[in-house]
Amino acid sequence: MQDHIAELLRAALEQVAAGPFPTLEIPGRIGIERTRDAAHGDFASNVAMASAKSARANPRQIAEAIIAALPASPQVEKVEIAGPGFINFFLTRDAATAVVGAVLDAGAAYGRASEPTGRRVMVEFVSANPNGPLHVGHGRGAALGDCIANLLEAAGHEIAREYYVNDAGRQMDILAASIWVRYLELHQVSVNFPTGGYQGEYVRQIARDLDDAHGNRFVQSAGAILDGLGHDAPAGDKDAFVDGLIARMKALLGDGFAVVHAAGLDSQLADIRDDLEGFGIVYDRWFSEASLVVDGAVEHALERLKASGHTVLRDGALWLKSSEMGDEKDRVLVRANGAYTYFATDIAYHLNKLERGFDTLVNVWGADHHGYIPRMRAAIEALTGSDEPLVVRLSQFVSLFRAGEKVGMSTRAGEFVTLRELRGEVGVDAARFFYVMRSSDQPLDFDLALATSQSNDNPVYYIQYAHARICSVFQQAADAGVAYDEQAGRAALGLLTEAHETALMGLLSSYPERVQQAAAQFAPNIVANALRDVADQFHSYYNAHRFLLADDPARTQARLTLVSAVRQVLANGLGLLGVSAPESM
RNA sequence: GCGCCUGUAGCUCAGCUGGAUAGAGCAUCGGCCUUCUAAGCCGGCGGUCGCAGGUUCGAAUCCUGCCGGGCGCGCCA
């Protein structure tokens, strides 16, 4: 419809420029927007005001000339000048009600792009270290990433979801050492638990499983373990102590280290996978960081970077000269001791994504990683000549409140609230909706008491209730012996002239635009807001008018047809958010 | 110190890539259930859009400076 109006305006502008206002320059893009107030019609254009300068006339005079030159359209009822020079378009009843048929014809596809774009987009999200359960902060990234993937798919892109498994780093070694110490406790070997270790109960469980599977295979004496290791905090440095412990463990256990390491990794990965599936998220692939080292992908990436001329050897280490590409300083790729940095393997992973044919790489990261963005951009630019393929969305912190008190979230201290606990308490629907209903740039206060309470404080219920209410209306119709006849309803749509009905149809027709906008901005909260608007208008309509009218079958069918379309849009939007659309509540 | 995010009603937040009278929810005050689910609706109260400049016919929105809040600045991951 905007396109149609734009064509009408362009035709009119050409005439105006050829006649009364020869200096008028026709803008490349003619601004047309939906009006906020029904009194201003359905669509408004500011083109008269925008061209006031080039036409050297006041906007209202230009608007008058434009309207005089405007071609007639079967879809436009009338056109008015308003305010400082807005041109307001009022649609005919038929043009306004057409959206109902459009929704019903498209069904689940309404709001989705009709043609594939041919673009391949990789959405990588969560990618938390598998050294413990996911907590509520990861949950936001999970919900956000999954919804963004849904949106991009709706926008016509081919998408893939991926989880990058950090199975190669020091964090995983620390988990292995933590498991080992718990295992030793089971065998009465007295080694104090390292200050820098992971203290969660899940570590003890892995140790017990290890004991069941391997008996005393990994037992060593306290003396052999601690001799010459130095002191843990507070007397010594806790990081140095843990690193020393890991080195000692590798020396004493030999191949056994890999067994303990793998026990930790496998256990946590399985747990995370199960957790996310319970949250409605299924990945296309779990990509191992360690595999990049093994199969030479890191070397390959480093060669590419060297060939680009953006690297330098300094102090025995290989650096990416990222400061030449917007980063605040250069970054180490290969340490003086020959070990790859996390950055180097991460670059290899991103190169791998590009080589698999993905045009756009969307990464959803926690806000604490924002300092990492410039160096990643620099790396992509060094590899491809442009940082354009990389899109990073940050999710700001989640603070959890229980009974008005902030809940601590330290992984090391084991006092965090897990995503699994959260799902159990508030359910998947409420959790997912809460996570994405705010802009991801906004820190989120997640109040468990609020989300748990069955009151209307919970915004997800409001939308689901609208859907359930519509289902209930159809149930009532069936119970009353009123057969729903969509064809009759479509034919009678012209009877829907109430303000509530016009407003509802306007919202239905703007829904696809809002989905596309949400996709373009990687912002699922836009869909959440659109749904709230539809639900709001529906509840209002429901209270103002009855749908089942014994003495007016035509209007009854028309209204049922309208609310059927509303139900479809609610279901589609909730689907994009990964929230269910219940038939009853 | 530098960088990113952020500042809108008592509280939590929207505000559609500059538009017409700045909107919701919660809280508070008052109405609406013999009729399709009251998990709902209608109305009242409540705002110098952090502050100061600038661009523009027009600024909560764009630019600059200042003030406040969050986060980040490793040869860690």
Rounded to the nearest Å, what distance is computed from the [atom1] atom of residue [X] to the [atom2] atom of nucleotide [N]?
X        : N     : atom1 : atom2 : value
A:Leu394 : B:G72 : CG    : P     : 12 Å
A:Gln537 : B:G25 : CD    : C1'   : 17 Å
A:Tyr340 : B:C76 : OH    : P     : 16 Å
A:Ile174 : B:A77 : CD1   : P     : 10 Å

Q.
Ignoring hydrogens and geometry beyond distance, is the side chain of A:His370 in donor-acceptor contact with the base of B:G3 at under 3.5 Å?
A.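 Answer yes: a donor N or O sits under 3.5 Å from an acceptor.
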
- Query: With no angle test and no hydrogens, is the base of B:G19 tied to the side chain of A:Asn46 by a donor-acceptor pair under 3.5 Å?
  - Reply: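 Under the 3.5 Å cut-off, the side chain and the base do form a donor-acceptor pair.
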
G-U wobble or Watson-Crick pairing nucleotide for [N] (cut-off 3.5 Å, both distances):
N     : value
B:C16 : none
B:G65 : B:C51
B:G72 : B:C2

What is the nucleic acid contact for [X], judged by heavy atoms within less than 4.0 Å: base, sugar-phosphate only, or nothing?
X        : result
A:Asp243 : nothing
A:Ala82  : base
A:His467 : nothing
A:Asp315 : base
A:Ala544 : nothing
A:Ser584 : base
A:Tyr542 : base
A:Phe474 : nothing
A:Ala468 : base
A:Ala367 : sugar-phosphate
A:Pro59  : nothing

Quiz item: Ring of A:His40 versus six-membered ring of B:A20: centres under 5.5 Å and planes under 30°?
Solution: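 Given the distance and angle limits, yes, they stack.
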
Q) Do we count A:Phe86 as stacking onto B:A20 if the rule is ring centres under 5.5 Å and planes under 30°? A)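 A stacking contact exists, since A:Phe86 sits close and nearly parallel to the base ring of B:A20.
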
Using the [atom1] atom in both, what is the distance from [N] to [M], to the nearest Å?
N     : M     : atom1 : result
B:A59 : B:G54 : C1'   : 11 Å
B:U48 : B:G44 : C1'   : 23 Å
B:G50 : B:G15 : P     : 15 Å
B:G46 : B:G58 : P     : 31 Å

Consider the side chain of [X], meaning its heavy atoms from C-beta on, and name the nucleotide among [options] that approaches it most closely.
X        : options             : answer
A:Ala44  : B:A14, B:A77, B:A20 : B:A20
A:Lys329 : B:C16, B:A14, B:C73 : B:C73
A:Asp441 : B:C5, B:C41, B:A38  : B:C5
A:Asp37  : B:C41, B:A77, B:U21 : B:U21
A:Glu33  : B:G19, B:A14, B:C41 : B:G19
A:Ala317 : B:G19, B:C75, B:A39 : B:C75
A:Asn529 : B:A77, B:A14, B:G72 : B:A14
A:Arg532 : B:A24, B:C76, B:C71 : B:A24
A:Arg438 : B:C13, B:A77, B:A20 : B:C13
A:Thr35  : B:A77, B:U35, B:A20 : B:A20

Parallel, tilted or perpendicular: which describes the rings of [X] and [Y], with under 30° parallel and over 60° perpendicular?
X        : Y        : value
A:Phe287 : A:Tyr349 : tilted
A:Tyr372 : A:Tyr342 : tilted
A:Trp365 : A:His369 : tilted

Are the charged groups of [X] and [Y] less than 4.0 angstrom apart, N to O?
X        : Y        : value
A:Asp327 : A:Lys321 : no
A:Arg375 : A:Glu328 : no
A:Asp239 : A:Arg170 : yes

Before we go on, tell me: are the rings of [X] and [Y] under 6.0 Å apart, centre to centre?
X        : Y        : result
A:Phe547 : A:Tyr541 : yes
A:Tyr163 : A:Phe125 : no
A:His539 : A:Tyr462 : yes

Return no unless some side-chain N or O of [X] is found under 4.0 Å from OP1 or OP2 of [N].
X        : N     : result
A:Gln442 : B:A14 : yes
A:Arg36  : B:G19 : no
A:Gln521 : B:C16 : no
A:Arg469 : B:A38 : yes
A:Tyr461 : B:A38 : no
A:Ser540 : B:C42 : yes
A:Arg34  : B:C16 : no

Checklist entry - Quick one: on RNA chain B, does A:Met49 or A:His369 contact a more 5' nucleotide (nearest heavy atom)? => result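 It is A:Met49 whose nearest nucleotide is closer to the 5' end.
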
| message | Need to verify one output field. Residue with the more 5' nearest nucleotide on RNA chain B, A:Pro443 or A:Gly83? | response |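 Mapping each residue to its closest nucleotide by heavy atoms, the 5'-most match is A:Pro443.
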
Can you check B:C41 for me, syn or anti if syn means within 90° of 0?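 Base orientation relative to the sugar is anti.
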
